[in-house]
Structure formats: C-alpha cells, structure tokens
Amino acid sequence: MNKCDLRIVYLGTPEFAVASLRALVEGGYNVVAVVTMPDKPAGRGHQLQFSDVKKYALEVGLPVLQPEKLKDEAFIEELRSYKADLQIVVAFRMLPEIVWAMPRLGTFNLHASLLPQYRGAAPINWAVMNGDQETGATTFMLKHEIDTGNMILQERLPIGPDENVGSVHDRLMAMGTGLVTRTVDLIIDCENKGIEIPTTPQPEIAELRPAPKIFKEDCEIRFDQKTATEVHNFVRGLSPYPAAWANLTINGQLFENVKIFAVAPTANDQQPSTKNGLIIPCREGAVRILELQVPGKKRMDAKAFLNGLH
RNA sequence: CGCGGAGUAGAGCAGUGGUAGCUCGUCAGGCUCAUAACCUGAAGGUCGGUGGUUCGAUCCCGCCCUCCGCAA
C-alpha cells in the first residue's frame, strides 16, 4: 500500500488542526473528507463564521461535513460513504464510539501534551500556567475514556522561561504536523508488513495534572493570592488567548476587566506604583505589567497606557 | 439587523462653536550613570471621510470608512 491508497477522514476545527491537515494534503496523502464544527454566528455583528479547518478544506476543494450531532444517522451514513481506512482527529471534540471505531485502522488523535499529563481541552495553557519547562505532543489511538488511549509517537518541546502560550502553541502546531505524518507513515508501513501498529499504554503517574477547558472567570488574576512568579506563569499561560484579566486601581482610578498580556517579576512594592512602570504588588514580590488592554481600547504596552493617564 | 466603546502630532490621551494642548517618543545641546534618570531648546496636526446647520465646525446633525471591548 502506498500513502495515496490510504483513505483518510480528518476531523478538526481550529487553526491548530489546519497545520496537520495541510501537511497531509501537501504531502500527497489521500484525505477524502473533512469533518468540522458547524458554522456559527460569531464575532462583531454576529456574522456566520466558518471554522479554520473548513476554510482550508474549501480552499483545496475537500468535501466538508458539519454535523450538529455526531450520532446523527444521516451524518453516520455520509461518513461511512467515504470508506475511510483511517481517521485523524486534531483539536475537535469528543467522538462517539460509532464514529471513532468506524475505520478499519481506527482513529488516532494528536494531543498537545506529553500524555498522560494534561488530558483535556487546554493542555498547552495549563503546561505554561504551571510553569513547566517542557511540554510536547502525542499521537494515540482513541478509546472510550478521553485522552487515555495507547500512545503511538511522542515528541518533547522545551518551554522558555518567559514564553507565552501563543508561542508554545505555534511551535507545537508545527511539531504536530511532523508527528501526524510520521504516525500515518508508520501505520502504512505496519499495514504493508502485516503487523500491528506498535503502541504504548500511557504510563501510570502519581501526580497527574489535568487540563480542563478554561473559562473567563478562571482567568482573573488574584494578585493577593499568588506570588510574583505564579502571576507571571498565569499571565503567560493565558496570553494571548484567552488572556488573564484583572480590575486595577491606578492612581485612584478604577479600570475594570483589563486584559494583561505580559508581566515581569520585579522588586517588592507595597503599593501599586506608576513611577518605574506599572507595578502591582503580589502576595510575595511584585510584577511590572508590560502589556495590557483596557476594554474598548487597543492592546498597548504599559508605557503607552501610563502616558494616557491624567 | 446581538450590545457597546473609539477615531485629535510617531504612541497614549485631554480639550473647546472663534483653526488645539498634556505625557512619552524623536532631533539638537547640557548633565552624567539616577537601570523606563534629569535640565534646556526644536521639529511634528487640512482634530478619520463626506454632506448639512452657522458669520464661523475639530466641536452640533446626517451618511460613509476604519479600529476595539462584550457576547457567541
């Protein structure tokens, strides 16, 4: 079997999933259809928005399936009609067994963490928020419990001490493309040799850190409850999306819902200060805010913000 | 027709029915390490676009363009 003989159905939604899809398409793999989220009204003015994966699929002329419900009879029938040998899911949603068990060779997932760590929806954010110095990406075969299947390939990636999640996301996305294509190559190779795909059960680890979906209320910075280092990690783990925020009182003026994109730990300070930049005291130490955004305003560095105070 | 904010000097913001200021930056000079330092001086704006009201509009009214927050 050649890579152009293997029929692949690809499931994914955001930008992170586009990279691997593109790698497959441009690498000459036989992607026969794409499954993605239904179009939704979004953005200012509630315009109908296509998912990033759908935009790309349309660009290259791939069939797009957008089921409201993954168990829907019509959708299952349509999916079957593509006669996939393999399904690949990247940043999609939970799949019912009837979907992931459908292809002859099964379904594998690209997950943006070193499994078994950071199972869940926001693995990249949590790794940075926890101050980890390393993360990675893993491909694994789907099974019932989410993000627990046997691992196929895994690759590690260092996290810089001041790096934010946006940067880690982009680097993991690039790394993921290689992981996905190599996983497919491996599967084809095993198929040709008539052997099982070698997989490894996820190791048992005592200290398992989860990576649940992050909501806005989880993003408020509690300066009084965190050390300067913790605030720093929290901010970069949420920057640029979904962004940490806080209500700040500066020179007696209250600013609500201020998004904070970058801070640097700095010398201790008891009071919020604007003398040497925008300094906010923490439970231990203090941070200097480097980049922020007030509602209705543009994102700006702290210096610009201070220039506008009056 | 989802709700809302905003377009004034390179940046961030004030302001007024009689053609505009602040902080920062820039440039020139001084001081000399204050780790986003200090002093002096200068340059730099058809106040988003377009109609209207007015003796006169950056400011009031209509339309257009652009940017942003919320919500999804």
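Quick note on labels: first sequence line is chain A, next is B, and so on, each numbered from 1. Predicted model, so just to flag it, every value in this text is computed and none were measured.
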Task: Sugar-phosphate, base or nothing in reach of A:Gln49, heavy atoms under 4.0 Å - done: nothing

Task: P-based separation of B:A6 from B:A42 [nearest Å] - done: 35 Å

Task: Presence of salt bridge, A:Arg222 and A:Glu220, under 4.0 angstrom - done: yes

Task: Distance between P atoms of B:G69 and B:U19 (Å, rounded) - done: 37 Å

Task: Euclidean distance, atom NZ of residue A:Lys297 to atom P of B:G69 [Å, nearest integer] - done: 13 Å

Task: 5' precedence on RNA chain B between A:Arg288 and A:Val294 (nearest-nucleotide basis) - done: A:Arg288

- [ ] Would you mind reporting whether A:Cys282 and A:Glu230 have side-chain heavy atoms less than 4.5 Å apart?
- [x] no

Open item on the list: Please report the distance separating the P of B:A20 from the corresponding atom of B:G48, rounded so that it comes out in whole Å.
Closed with: 15 Å

- [ ] Answer yes or no: does atom CD of A:Glu134 have more than 12 heavy-atom neighbours from other residues, nucleotides or ligands under 6.0 Å?
- [x] yes

Task: Greater than 12 external heavy atoms within 6.0 Å of A:Glu145's CD - done: yes

Task: Value in whole Å for how far the C1' atom of B:G25 lies from CG of A:Asn307 - done: 8 Å

Open item on the list: Please give the distance between the C1' atoms of B:C31 and B:C39 as a whole number of Å.
Closed with: 7 Å

- [ ] Determine the contact category for A:Lys303: base if any of its heavy atoms lies under 4.0 Å from a base atom, sugar-phosphate if only primed atoms, P, OP1 or OP2 are that close, otherwise nothing.
- [x] base

Open item on the list: What's the closest nucleotide to the side chain of A:Ala304 if the choices are B:G69, B:A11, B:A71?
Closed with: B:A11

- [ ] Indicate yes or no: at least one non-hydrogen side-chain atom of A:Glu291 is less than 4.5 angstrom from one of A:Ile260.
- [x] no

Task: Length of the line joining A:Leu278:CG and B:C24:C1', which is rounded to integer Å - done: 15 Å

Task: Nearest-Å distance once atom C1' is located in both B:C64 and B:G25 - done: 33 Å

Task: Nearest-neighbour nucleotide for the A:Met300 side chain, B:C24, B:C13, B:G69 considered - done: B:C13

Task: Gap between atoms CG and C1', on A:Leu292 and B:A36 respectively (whole Å) - done: 15 Å

TODO: Using the P atoms only, state how far B:A11 lies from B:C47, rounded to an integer number of Å.
DONE: 15 Å

Open item on the list: For B:A71 and A:Lys40 - does any side-chain N or O of the residue sit under 4.0 Å from the phosphate oxygens OP1/OP2?
Closed with: no

Task: Minimum side-chain heavy-atom gap A:Glu191-A:Leu105 below 4.5 Å - done: yes

Task: Ion pair check, A:Arg209 and A:Asp132, cut-off under 4.0 Å - done: yes

Open item on the list: Using atom C1' in both nucleotides, what's the gap between B:A71 and B:C65 to the nearest angstrom?
Closed with: 24 Å

- [ ] Can you run through RNA chain B from 5' to 3' and write each base as (, ), [, ], | or . depending on how it pairs? Watson-Crick or G-U wobble, both distances under 3.5 Å.
- [x] .((((((..((((....[..)))).(((((.......))))).....(((((..]....)))))))))))..

Task: B:G18 to B:C22 separation - C1' atoms, rounded to the nearest Å - done: 22 Å

Open item on the list: Could you check, using the six-membered ring where one of them is a Trp, whether A:Phe305 and A:Phe255 have ring centers closer than 6.0 angstrom?
Closed with: yes

Open item on the list: I need the CG-P distance between A:Leu48 and B:A72, as an integer number of Å.
Closed with: 17 Å

Open item on the list: Can you measure A:Lys298 atom NZ to B:C68 atom P for me and round it to whole angstrom units?
Closed with: 7 Å

Task: Nucleotide B:C70, atom P - distance to CD of A:Glu256 in whole Å - done: 14 Å

- [ ] Would you mind reading off the distance between A:Phe305 atom CZ and B:C13 atom P, rounded to a whole angstrom?
- [x] 9 Å

Task: Touch class at under 4.0 angstrom, heavy-atom based, for A:Arg44 against every strand present - done: base

